[in-house]
Amino acid sequence: MSSLLLGLNEPQLAAVTLPRQHALILAGAGSGKTRVLTTRIAWLIATNQMTPQQVLAVTFTNKAAKEMLARLTAMLPINARGMWIGTFHGLCNRLLRAHHRDAGLPQLFQILDSADQLSAIKRLLKSLNVDDEKYPPRELQHFINAQKEQGLRPSAVEAWDGYTKKRVELYDAYEAQCNKEGVVDFAELLLRSYELLARNEALRRHYQERFRHILVDEFQDTNVLQYKWLKLLAGQEGCLFCVGDDDQSIYAFRGAEVGNMRDFEREFKVKNVIRLEQNYRSHGNILDAANAIIKHNEHRLGKNLWTEAGAGEPIRVFEAYSDLDEARWIVEEIRALARDGHARSEIALLYRSNAQSRVLEHALFSAGLPYRVYGGLRFFERQEIKHALAYLRLIANPDDDTSFARVVNFPTRGIGARSIEQLQDAARAAGSSLFAAAMQAGGKAAGFTTLIAKMKEVAHLPLPELVDHVIELSGLRTHYQAEKEGQDRLANLDELVNAAASFVAEEGVAGAEGELSADLIAFLAHAALEAGEHQAGEGDDALQLMTTHSAKGLEFNIVFLSGLEEGLFPHENSLVEPKGLEEERRLMYVAVTRARQRLYLSHAQTRMLHGQTRYNLPSRFIEEVPAGLIKWLTPKMAKPGGVPPRLTSVQEQRASHAPRAADGGWRIGQGVRHARFGEGVIVNLEGGGADARAQINFGGAGMKWLALSVAKLEAA
DNA sequence: CTGAGAATGATTTTT
DNA sequence: TCATTCTCAG
């Protein structure tokens with residue numbers, strides 16, 4: 001048992017062996033957070049303070065849950081099955097399946113992913129004849145989810161204006177539709193299980209007594225409802241162990257509420273706030289840079305990372321003339337690194353927004369450097385997979401109109417838009433599902449229901465065989481065989497059969513002797529809750545490209561952080577949002593702390609964005625890195641009052657390619673200084689002589705048109 | 001129903 | 001710029 005605790009540092013040890021009290025662990029980047037979490041569970045079990053059945057550990061991603069489980073089973077010889085370790089959504093699903101009756105759900109309820117939810121909303125608007133220009137489906141989807149994440153049902157939403165009143169009405173209608181169809185969306189999983197426990201005292205007692213220790217990962221990412229859910233489960237006796245880092249809170253835009261950390265500390269009178277500040281990942285200079293950046297934020301719980309590793313290399317900063325130039329430089333640098341024996345997979349290219357990857361990808365592709373982009377379409381989100389799943393869902397639940405609408409005419413079987421509208425009218429009139437209406441309708445529509453019935457006949461087969469039959473019977477296989485570009489899709493469909501097989505092997509329920517296999521239901525939930533691995537070249541030694549958001553939780557020997565420009569990072573939209581800049585800075589902090597050994601920061605003077613050339617100032621975040629930590633790879637931009645940089649011959653060439661000079665010698669792209677607005681870059685010139693005007697991007701101070709004869713501009 | 005051309009609009013994202 | 005969505009002719 002003591003071997004469990006071997007090698008823990010002092011605060012880690014303190015956290016792991018805390019007595020039965022609420023605790024808040026402020027775990028800095030790279031401070032061994034997951035280790036503390038898993039060792040805490042192992043220690044509680046090993047010291048008989050708790051049985052595996054009494055654990056409740058919550059994460060946000062399936063990856064994190066899996067990792068926790070893997071580490072735990074490596075530490076202790078225990079059966080993982082009885083433990084409740086999973087994502088909020090996964091655990092809620094488990095709860096609702098077990099108590100579907102009490103929760104008011106059909107046994108075989110289906111889960112809508114975001115895309116399904118959106119199409120359900122579109123269908124709703126159409127059926128209610130609501131103008132979708134006035135109530136854009138996406139906006140409505142966001143509105144509904146936001147209410148649910150606050151724990152608000154339609155009756156509880158306060159609506160003052162007509163617009164919101166209407167949206168609440170639509171929210172109500174959406175709920176009715178979901179209930180009728182026997183489907184729940186992601187937020188509903190949470191809200192439904194929260195209400196289940198809140199209303200059903202016996203059930204609540206049962207789980208409160210069972211889960212004596214509740215552990216939460218990435219607590220800073222919890223939303224209002226998730227926190228309420230945790231509080232409800234903890235009750236009076238339960239003990240909450242929350243691990244998080246307020247400095248890494250980067251998901252406010254999707255409802256994460258950092259304030260939960262402070263609230264937790266206050267509401268639970270947490271005596272044990274433990275800070276994990278020793279970092280085991282990065283060299284000193286990188287941590288110093290990260291600490292210096294995040295210090296500019298005001299609202300923090302406070303934390304400072306340190307390391308026993310040496311200072312390491314300086315932060316390298318590169319100023320490119322253009323985005324293309326920046327990409328070319330990155331390619332050259334990577335080639336040099338590869339010559340020095342660095343593995344490509346240990347090099348990450350990070351950027352603020354997805355659009356920035358294109359230029360990088362192009363350069364890497366031309367250079368023949370293998371790379372992998374994170375964050376594309378995932379396996380279960382692919383069109384052909386969603387089609388196959390829709391058939392499977394109809395077998396389980398014919399009332400699922402979303403699935404019905406998706407595949408009733410795919411592959412095409414002569415049921416056009418008009419027929420579907422007729423079905424919808426009939427269904428509405430009869431208060432029935434589309435499936436039921438189709439059975440009544442006769443003709444081709446009824447033929448489709450016969451097809452589903454035929455599939456149902458083989459539903460008792462082992463899951464992989466069932467999936468294979470469905471792909472065949474649906475005509476999907478034939479359809480994609482006939483399609484020119486269908487080969488990949490066919491391969492994916494085969495992969496779906498494999499996925500079903502390995503799902504059964506790993507988590508199969510089996511044994512269920514019914515007309516429907518329990519495996520099918522579990523597999524469908526699995527497909528909805530776990531979008532599957534990102535496809536493509538995982539095995540080979542490829543460069544890692546991703547957004548700064550996706551990089552959270554990962555680490556690399558070498559990190560390139562590109563596009564560090566005002567307007568891009570920090571993103572211009574963030575500057576008008578309430579706490580926007582601070583969130584951007586936390587994102588910067590996350591990005592910087594991904595690097596173990598070497599960190600490159602780069603920005604470009606000009607960049608193509610939305611088909612237009614933009615002239616951006618270097619990001620303020622570069623300036624927030626102490627000058628002493630930086631090694632400039634290009635002459636540093638002149639500071640106000642400083643001496644203009646001497647140009648290298650390469651830069652002189654570039655300067656001569658620069659956009660045309662206008663009256664008075666001003667040119668586009670030139671840095672200037674204004675008494676009131678500060679530093680800026682000329683992005684446009686108009687007119688001549690006395691009328692000459694310049695459009696200047698002053699970054700934080702905004703974009704201005706200034707008359708050159710009036711404004712006193714200095715070259716910066 | 002399909003496919004071509006126009007219109008649109010474009011942080012960040014897991015479940 | 002460019003990917004997605006929409007519209008309309010065939």
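All chains are named by letter (A, B, ...) in the order of the sequence lines, taking the proteins before the strands, and each is independently numbered beginning at 1.
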- Task: Before accepting this row, confirm whether a basic side-chain N of the pair A:R192/A:E195 lies closer than 4.0 Å to the acidic partner's carboxylate O.
- Result: no
- Message: Give me the distance, rounded to whole Å, that separates B:dT13 from C:dT4 when you measure between the P atoms they each carry.
- Response: 15 Å
- Task: Please work out if A:F569 contacts a base, only the sugar-phosphate, or nothing of the nucleic acid, heavy-atom cut-off 4.0 Å.
- Result: nothing
- Message: Check this for me, if you would: do A:K66 and A:E530 make a salt bridge, where the nitrogen-to-carboxylate-oxygen distance has to be below 4.0 angstrom?
- Response: yes
- Compare the ring of A:H89 with the six-membered ring in the base of B:dT15 and state whether they stack (centres under 5.5 Å, planes under 30°). no
- Note on the structure: Of the listed B:dT11, B:dT15, B:dT2, the closest approach to the A:S353 side chain comes from B:dT11
- With a 4.0 Å cut-off on heavy atoms, is A:N93 in touch with a base, just the backbone sugar-phosphate, or nothing at all? nothing
- Message: Please report the distance separating the P of B:dT12 from the corresponding atom of C:dT5, rounded so that it comes out in whole Å.
- Response: 15 Å
- Between P of B:dT15 and CG of A:L190, the distance in whole Å: 13 Å
- Identify whether the distance between the nearest side-chain nitrogen and carboxylate oxygen of A:K63 and A:E67 falls below 4.0 Å. no
- Message: Check the phosphate of B:dT12 against A:N354, side-chain N and O only, distance under 4.0 Å to OP1 or OP2. Yes or no?
- Response: yes
Protein N or O to nucleotides 2-10 of chain C N or O, pairs below 3.5 Å:
residue	atom	partner	partner atom	Å
C:dA3	OP1	A:R358	NH2	3.3

- Query: Is A:T548 touching bases, backbone alone, or none of the nucleic acid, heavy atoms closer than 4.0 Å?
  - Reply: nothing
- Message: If we ignore hydrogens and angles and just use 3.5 Å, is the side chain of A:D401 paired with the main-chain N or O of A:L434 as donor and acceptor?
- Response: yes
- Item | Ion pair check, A:D400 and A:R393, cut-off under 4.0 Å | yes
- Note on the structure: Winner on side-chain proximity to A:E584, out of B:dC1, B:dT11, B:dT15, is B:dT11
- Nucleotide of B:dT15, B:dT12, B:dT11 approaching A:S574 most closely (side-chain heavy atoms): B:dT11
- Message: Over all strands shown, is A:D185 touching base, sugar-phosphate only, or nothing at heavy-atom distances under 4.0 angstrom?
- Response: nothing
- Message: Any carboxylate oxygen within less than 4.0 angstrom of a Lys/Arg side-chain nitrogen, looking at A:E384 and A:R477?
- Response: no
- If you measure from the Lys or Arg side-chain nitrogens to the Asp or Glu carboxylate oxygens, is any gap between A:R300 and A:D247 under 4.0 Å? yes
- Does A:R378 place a side-chain N or O at less than 4.0 Å from the phosphate oxygens OP1/OP2 of B:dT15? yes
- Query: Under 4.0 Å between a Lys/Arg side-chain N and an Asp/Glu carboxylate O for A:E584 and A:R352?
  - Reply: yes
- Quick one: label A:E577 by what it contacts on the DNA or RNA (base, sugar-phosphate, nothing), any heavy atom closer than 4.0 Å. base
- Message: Let's see if you can work this out: which of C:dT1, B:dT13, B:dT2 has an atom nearest to the side-chain heavy atoms of A:F253?
- Response: B:dT13
- Phosphate contact (B:dT12 OP1 or OP2) by A:N573 side-chain N/O below 4.0 Å: no
- Among B:dC1, B:dT15, B:dT11, find the nucleotide with the atom closest to the side chain of A:T87. B:dT15
- Query: Checking only heavy atoms, does the side chain of A:T61 share a donor-acceptor pair with the base of B:dT15 at less than 3.5 Å?
  - Reply: no
- Just checking A:L112: base, sugar-phosphate only, or nothing, at a heavy-atom cut-off of under 4.0 Å? nothing
